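As the structure is a computational prediction, the values presented were derived from the model and not from experiment.
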There are 2 protein chains.
Amino acid sequence: MKSKDKVTIYDISKRLNISAATVSRALNHNPKISEKTRELVAKTAKEMNYKQNRLAQALKQGRTNNVGVIVPYINRSFFSSVIRGIEEELTPHGYHIIICQSHEEAENEAEQINALLSTQIDGIFMSVSKTTQKTDHIQKVLQEHTPLVFFDRKIDVPGVSSVVLDDFRAGYIATEHLIKEGCRKIAHLSGDINLEIYKNRYEGYIKALKDYHIDFIPNYVIEVNSKIESGMQAINELWKLNEKPDAIFSAGDYAALGAMQELRARKIKVPEEVCVVGFSNEPFTKYMELPITSMDQTPQEMGKIAAQVFLEQVKKNSTLSIEKKVVLPPELLIRESSSRKIHNLSDAS
Amino acid sequence: MKSKDKVTIYDISKRLNISAATVSRALNHNPKISEKTRELVAKTAKEMNYKQNRLAQALKQGRTNNVGVIVPYINRSFFSSVIRGIEEELTPHGYHIIICQSHEEAENEAEQINALLSTQIDGIFMSVSKTTQKTDHIQKVLQEHTPLVFFDRKIDVPGVSSVVLDDFRAGYIATEHLIKEGCRKIAHLSGDINLEIYKNRYEGYIKALKDYHIDFIPNYVIEVNSKIESGMQAINELWKLNEKPDAIFSAGDYAALGAMQELRARKIKVPEEVCVVGFSNEPFTKYMELPITSMDQTPQEMGKIAAQVFLEQVKKNSTLSIEKKVVLPPELLIRESSSRKIHNLSDAS
DNA sequence: TTGTACGCGTTATCAT
DNA sequence: ATGATAACGCGTACAA
C-alpha cells in the first residue's frame, strides 16, 4: 500500500531521466518531440498508471472544461431531458456537466451561480426559477465574461443568449386546435404569468380567440401550479360558472391530468363534452388509457441547441459576448383527449 | 471594459497594502487575524467583487469538493430522483455534482471514470451499466483511494460500498401479493439476469412460488427490456401457451405497461382475469385510469443514503476504504391492476 | 498579529 | 529535440 500518492509527470521524468517538460510535451503530442521518446513516455505513463491532473492544467490554462447547468428540479422529465441533450452535445468536446437545482428559489439560484463561478466553470446553462425577479446575479456572470445560455425559461438580459420554445405560437396552436374541434368555450389553466413562458402561452390563447372572433371570458382563466390537485381545483372553480367550458387548454400536463381526473369524477366525458390539451408532453400523457393531447417542446433537442450556442460562443473567443436568440417551434401531439373526429387523428405518438 | 481579469487575493492585498497571506487568512476566518483587518478585507473583497478560485484552492488542498455520478441515463425518473437525493444531501456540505451518462455501455463507463479521476473528484457514485462485466476500471478508482459508492445496480468488488434495494425480497413480495390475490399461474417478465437486480427479483419470484407450493413453469419467464413493446411481445408469447397465465409480475414498469396495453387489446380484463404488477413506481403507473401496482424503490432516499455513506467515508480519512452495504426495503404500492378485492386497497398513493 | 517563501501539477517561454 | 524556470491562485509553515 505504498502508492497512495498520485503519479505526476515528475515521477515519470525521474524514472526516465528526462525533464518533466519533455514528458508534458510528449504527452501532449508536441511535434517537436522525437517519436522514440514520445512512445517511451506514453508506455511508462501507462505502466505507472499516470493520469493527468486536469486541475493543475485548468489552473494553468484558465479553463476547466466544466460547465454548469442550473434547473429548478432535476427529476422532471423536461429538465432531465434537456440536460441529457446538453450532455450529449458537449461530452464529445471534452466538457463535463455540473448540475445544480434552484428548487424554484431565486436565492438558491444566486448561490449556485456564485459557487459555479468560483469553480471556474467555462459556461452556465440555466432555466430561471419562478421566483427570480432581479438580475444582479446574472450581471455577475456577465462581468466575468462567462458565457451564459438561458433555455426554456429566460429573463431578458442584454448580452445573454437563449434557446426557448415559441410559447406564444404554442398557445395559439393549442387554442386553434380546440376551436377547430368545435369548441367555443375554452378555458385556460395558466401558469404563473411572471414567467415569460406562461405569459406567452396565455397571450397566444388570447390571440387565437380573437382571430376566431370568440369572446374572451376572464373567468375562464385560472392560475394553477404544476400539481395535479390544482388542476382538479380549477375544474371545481370553472364548474361553478353558469356557462361551463367545453374545452380546457392547460399550460402544464399535471394540471391537465388533474382536470381530467376531476372531469371523470363528475362523469363529464372527454373529449365528447370537454376537450383537454396539456403542455410539455410528459411521458404519462401518452401512456394513459385516454391519452392527453400535449405540446411537445423537444427538450433533448433544446439542450443540444443550447450546447451548440455555447460552443459557438467559446469558439470565437471574442471578449464581448454574442447574443443569440433561438426560438424552437412547438409541436402539438394530438391524442384522444381532444380528438372528436377520431379518424382524423393526425398523430398519437 | 478593463476588468476582464478575475480579481485575486493579490489584488486585494495591493489595494490594502497588506500581504496576500493576510488576505487569505482573513477570508478563511483564521482566528489569528484581527477583527479590524478581517472586516476590512471582507468589505473590500466584496467591493472588488472577489471570488475565490476554488481551482487553485483545490490544487493546493488536494480535494475539489466535486463528486461524480455515473448513471446509464439521466432522464429516467428513477435515476434523476436518486441524483436529486444525492444533490440535496451533499450540497449543504459544499459539494457539487458532476453527472455522466454511460448509455448502458461499459466502455463509456470506463471513459467517464477516467475523466472523473483526472478532474480529481472526491468521490464517485455509480449505477453500473447492463454491459459491465469486467472490473478493471473499478480497480483504478480503488487504487487512487477515491471513495466509490454503488447504488441500485452494483457489482461485487471488495472494498466498495453500496446502497441497493432488497430486490430478492421485492420479487418475493410482489409474487406473494399476486398469490394472495388468488393467482396461481404467475408469469414473470424478467430483465437481463446479468444484472444482479434482475437476478434477485427473479429469484425472489421463484422462492415465493416454492413457499406457496406452486409449480415453477419455465415458459412463464420471458426476458424483456425496458421498452413498452417488449411487454406487448411478452404477452404475445405467453398467450401462445396452452395454459395462459393469470398474473404478470414484471421487473420493469414499461414492460408492465406494454403488457397491460396488449391485454386490453385482447379484451382481457385487468385485474379480473389477469393481475399485473410492475416495478419502479414510474410516475405514469399511478396516473393511469387503471393504475398499475408497482414496487417503490424510494430513489430519492436511496440517493441520500448513498451520499451519507460517502460522507462517512471521507470523515474518517482513513487510508483504507471502509465497505458498507446498505440494503433498502422495497415497498409495494398496491393499485387497481392487481387488486381484486378493491375494498381492501391498502394504498393508492 | 502579520509577512515571507514555498509548493500543489501543469504548461509555456526561453535557452541550449 | 530537450532542459531549466516561471507562472497560474491559493494556503500554510515558518519567521518576525
Side-chain angles (χ1 to χ4, degrees), chain A residues 3-42 44-45 48-66 94 115 117-122 144, chain B residues 3-42 44-45 48-66 94 115 117-122 144:
Chain A
S3 68
K4 180 198 163 61
D5 319 81
K6 323 225 163 160
V7 356
T8 76
I9 51 174
Y10 274 88
D11 300 324
I12 300 179
S13 74
K14 275 173 203 157
R15 174 95 89 92
L16 297 178
N17 275 325
I18 57 178
S19 80
T22 304
V23 175
S24 171
R25 281 188 278 247
L27 257 22
N28 290 330
H29 297 87
N30 185 315
K32 294 186 177 179
I33 249 57
S34 75
E35 191 60 17
K36 274 184 197 170
T37 42
R38 213 191 56 69
E39 280 177 13
L40 185 62
V41 168
T44 50
M48 299 176 73
N49 194 24
Y50 166 79
K51 282 196 199 61
Q52 184 194 50
N53 185 330
R54 281 186 50 209
L55 216 56
Q57 189 191 30
L59 179 61
K60 181 70 183 154
Q61 302 192 329
R63 40 194 295 274
T64 54
N65 272 23
N66 287 147
L117 287 177
S118 74
T119 64
Q120 310 296 110
I121 35 71
D122 296 346
E144 308 229 343
Chain B
S3 68
K4 180 196 164 62
D5 319 80
K6 324 226 160 155
V7 358
T8 75
I9 50 174
Y10 276 86
D11 299 324
I12 299 179
S13 74
K14 275 172 203 158
R15 173 94 91 89
L16 297 179
N17 276 325
I18 56 178
S19 80
T22 305
V23 176
S24 170
R25 282 188 277 247
L27 257 22
N28 290 330
H29 296 88
N30 186 316
K32 294 186 176 179
I33 250 58
S34 75
E35 192 61 18
K36 274 184 196 169
T37 43
R38 213 191 57 71
E39 279 177 14
L40 185 62
V41 167
T44 51
M48 300 177 73
N49 195 24
Y50 166 79
K51 282 196 200 61
Q52 184 192 53
N53 186 330
R54 278 186 51 208
L55 215 57
Q57 187 192 32
L59 179 61
K60 177 70 184 161
Q61 303 191 329
R63 41 196 293 274
T64 54
N65 272 23
N66 287 146
L117 288 177
S118 74
T119 64
Q120 310 295 113
I121 34 72
D122 295 347
E144 309 230 342

Answer yes or no: does a side-chain N or O of A:Ser19 lie under 4.0 Å from OP1 or OP2 of D:dG3? yes
Between B:Asn30 and A:Thr8, which residue's closest nucleotide on DNA chain C lies nearer the 5′ terminus? B:Asn30
Quick one: does A:Lys60 reach the base of C:dT11 with a side-chain donor-acceptor pair under 3.5 Å? yes
Would a 4.5 Å heavy-atom cut-off, applied to side chains only, mark A:Glu144 and B:Lys51 as touching? yes
When you check the phosphate oxygens OP1 and OP2 of C:dT1, does a side-chain N or O of B:Thr22 lie under 4.0 Å from one of them? no
For A:Leu59 and for B:Gln57, find the nucleotide of DNA chain D with the closest heavy atom, then tell me which residue's nucleotide is more 5'. A:Leu59
Please state how far atom CZ in A:Arg54 lies from atom C1' in C:dC8, giving the value in whole angstrom units. 17 Å
For A:Leu16 and D:dA1, what is the distance between atoms CG and C1' respectively, to the nearest whole Å? 15 Å
Can you confirm whether A:Asn53 sits close enough to B:Gln120 that some side-chain heavy atom of one is under 4.5 Å from a side-chain heavy atom of the other? yes
Rounded at 0.5 Å granularity, tell me how far OH in A:Tyr50 sits from OG1 in A:Thr44. 11.5 Å
Answer with base, sugar-phosphate or nothing: what part of the nucleic acid does A:Leu55 contact at a heavy-atom distance below 4.0 Å? nothing
Please give, in whole Å, the distance from C:dA12 P to A:His29 NE2? 15 Å
Might you list the N or O atoms of the protein lying below 3.5 Å from N or O atoms in nucleotides 13-16 of chain D, with each pair's distance?
| from | atom 1 | to | atom 2 | distance (Å) |
| --- | --- | --- | --- | --- |
| D:dA13 | N6 | B:Arg25 | NH1 | 3.2 |

Nearest 0.5 Å, please: how far is CZ in B:Arg63 from CZ in B:Arg54? 9.5 Å
What is the distance from CZ of A:Arg63 to P of C:dA12, rounded to the nearest Å? 11 Å
Has B:Asn30 got a side-chain atom pairing as donor or acceptor with B:Lys32's backbone, closer than 3.5 angstrom? yes
Is the phosphate of D:dG11, meaning OP1 or OP2, less than 4.0 Å from a side-chain N or O of B:Ser24? yes
Check whether B:Asn28 reaches the backbone of B:Arg25 with its side chain - one donor and one acceptor, N or O, closer than 3.5 Å. no
A:Lys51 NZ to C:dG9 P, straight-line distance once rounded to whole Å: 15 Å
Student check: side-chain heavy atoms of B:Asp122 and B:Asn66 closer than 4.5 Å: no
Look at the side-chain N and O atoms of B:Tyr10 and state whether any lies under 4.0 Å from the OP1 or OP2 oxygen of D:dG11. no
If I take atom CD1 in residue B:Ile9 and atom C1' in nucleotide D:dC10, what distance separates them, rounded to the nearest angstrom? 5 Å
Look at B:Gln52 and D:dG11 and indicate whether a side-chain polar atom (N or O) is within less than 4.0 Å of OP1 or OP2. yes
Using the closest heavy atom to pick a nucleotide of DNA chain C for each, name whichever of B:Ala20 or A:Ala20 lands nearer the 5' end. B:Ala20
In this structure, how many angstroms lie between the P atom of C:dT11 and the CG atom of A:Asn53, rounded? 10 Å
Is B:Ser34 near enough to C:dT2 that one of its side-chain N or O atoms lies under 4.0 angstrom from OP1 or OP2? yes
What is the distance from CD1 of B:Ile18 to P of C:dT1, rounded to the nearest Å? 15 Å
Nucleotide nearest A:Asn28 when distance is taken to its side chain, options C:dT11, D:dT2, C:dT2: C:dT11
Are the side chains of A:Met48 and A:Asp11 in contact, using a 4.5 Å heavy-atom criterion? yes
